[in-house]
Amino acid sequence: MEFVQFHPTALSDEGLPIKPKTRRENAFLITEAVRGDGGILYNQSMERFMPMYDDRSELAPRDVVARSIDDQLKKRGEKYVLLDISHRPRDKVLAHFPNIAAECLRYGLDITRQPIPVVPAAHYMCGGVRAGLQGETNVKGLYVAGEVACTGLHGANRLASNSLLEALVFARRAVQPSIDLMVDADGDARPSLVARWARPTLPRSVLGDSVLSDIVGRTRQARMELQSVMWEYVGIVRSTGRLKQAEWRIGDLESEWEEFLFRRGWKPTTVGVEVCEMRNLFCCAKLVVRSALARRESRGLHFTEDFPYLEESRRKPTVIFPAAVQELTWSSKPLQRQLQADDNACSSSGWALGIR
């Protein structure tokens, strides 16, 4: 989970002549093909900087370019760098990059005449739930594909088209086994198993509109705060100190958010899209931090200042197994009813953290 790929060149709203009226939900990516077609990266003083970091200059791999941009931004105290393709023939630029040209023009920027303001953005999760060749996991009945899965296709880095293998090939492979399992399960349905799980409830059935609005608002605020912590402390360049700071900040933020929810009447079995997503985000954030702390070397997409070199002895994957947890939070505790004492003992061992 420590191997998070950052796309080096997402469009930076800060540098556009006309600022977007609303905050983007998703970054608008400026394809690597722009650099492949001769695009040059400059800082805001129009100084070309990539040759200082790598002999391949703008054609260096994504992780190298992202770290180089990050270093420039931190050293110069700037919020974006510039990607210039305006020296190329106008008709070719518009023919090769029509969508980028149109998006930039919406905000007053002509890429055939002006450089594009860009900044790195979190892009792809190489790790995830450990999956077999059919998308199966160590939880019977649970199949995974796409970014949620750790298929082994990427290793510590990712080539652009490998996402198609995860999202299409492995998804297709997982379909028939999951259907077969469902058919077999239907013939062996046991009501006693269903009874172990608490029934989910919808927020509007237990909360008023005013309370629900407050919860959604606080959840959106918590999401932005978590994004800020992850970017600041668990971003492109990491350190043990910053990772531990992130661990502490995430724990505090999660406790405050959960306390607010349950104080306003939210139940562990209540289901709402934004709240459930937030719960899962806390779980993923903690796993990324734990994985990053566990890898005491720099490899691929994981770069740490405390261990800047690759260590061949640490080539093995970072796998997080079930572990005893002193105090389980809502994002890491099982919700099923505990019918027997031994079930309770199993739960207190933190099996919900058994994400590989």
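Only heavy atoms go into these numbers, but all of them, side chains included; no hydrogens, no water, no symmetry mates. Numbers for residues simply follow the sequence, beginning at 1.
- A salt bridge does not link Arg299 to Glu2: none of the charged nitrogens lies less than 4.0 Å from a carboxylate oxygen.
- In this structure, the separation between CD1 on Ile69 and CD on Glu78 is 12.0 Å, given to the nearest 0.5 Å.
- Defined by atom type and a distance below 3.5 Å, a donor-acceptor pair is present between the side-chain atoms of Gln176 and Asp180.
- With respect to Glu247 and Lys244, no salt bridge is recorded, no charged nitrogen being found less than 4.0 Å from a carboxylate O.
- With respect to Glu254 and Lys286, a salt bridge is recorded, a charged nitrogen being found less than 4.0 Å from a carboxylate O.
- The 12-atom threshold is not exceeded at CG of Asp55, counting heavy atoms of other residues, nucleotides or ligands nearer than 6.0 Å.
- A 6.0 Å sphere centred on CE of Met52 holds more than 12 heavy atoms belonging to other residues, nucleotides or ligands.
- His7 and His123 have perpendicular rings, their planes meeting at more than 60° on a 0 to 90° scale where under 30° would count as parallel.
- Taking Ala121 as the reference, Ala10, Ala27 meet the side chain to side chain contact (heavy atoms under 4.5 Å, CB included) condition, with sequence neighbours excluded.
- Exactly one residue among Lys19, Arg23, Arg24 makes a salt bridge (Lys or Arg N to Asp or Glu O under 4.0 Å) with Asp13. That residue is Arg24.
- The existence of a salt bridge linking Arg67 and Asp54 is excluded, since no basic side-chain nitrogen approaches an acidic carboxylate oxygen closer than 4.0 Å.
- At a cut-off of 3.5 Å, with distance as the only test, a side-chain donor of Asp71 or Tyr53 sits close to an acceptor on the other residue.
- By the rule that hydrophobic residues join a cluster once side-chain heavy atoms approach within less than 4.5 Å of another member, Ile100 and Leu83 end up as members of one cluster.
- Comment: Arg223 engages Glu277 in a salt bridge, judged by a side-chain N to carboxylate O separation of less than 4.0 angstrom.
- With respect to Asp70 and Lys74, a salt bridge is recorded, a charged nitrogen being found less than 4.0 Å from a carboxylate O.
- Arg204 is linked by a side chain to side chain donor-acceptor pair (under 3.5 Å) to Asp209, counting only residues two or more places apart in sequence or in another chain.
- No side-chain N or O of Gln5 forms a donor-acceptor pair with one of His154 less than 3.5 Å apart.
- For the pair Arg242 and Glu305, the salt-bridge criterion is met [side-chain N within less than 4.0 Å of a carboxylate O].
- Between Glu47 and Arg76 there is a salt bridge, since a side-chain N of the basic residue sits under 4.0 Å from a carboxylate O of the acidic one.
- In summary, Arg218 and Asp214 do not engage in a salt bridge, as defined by a charged side-chain N under 4.0 Å from a carboxylate O.
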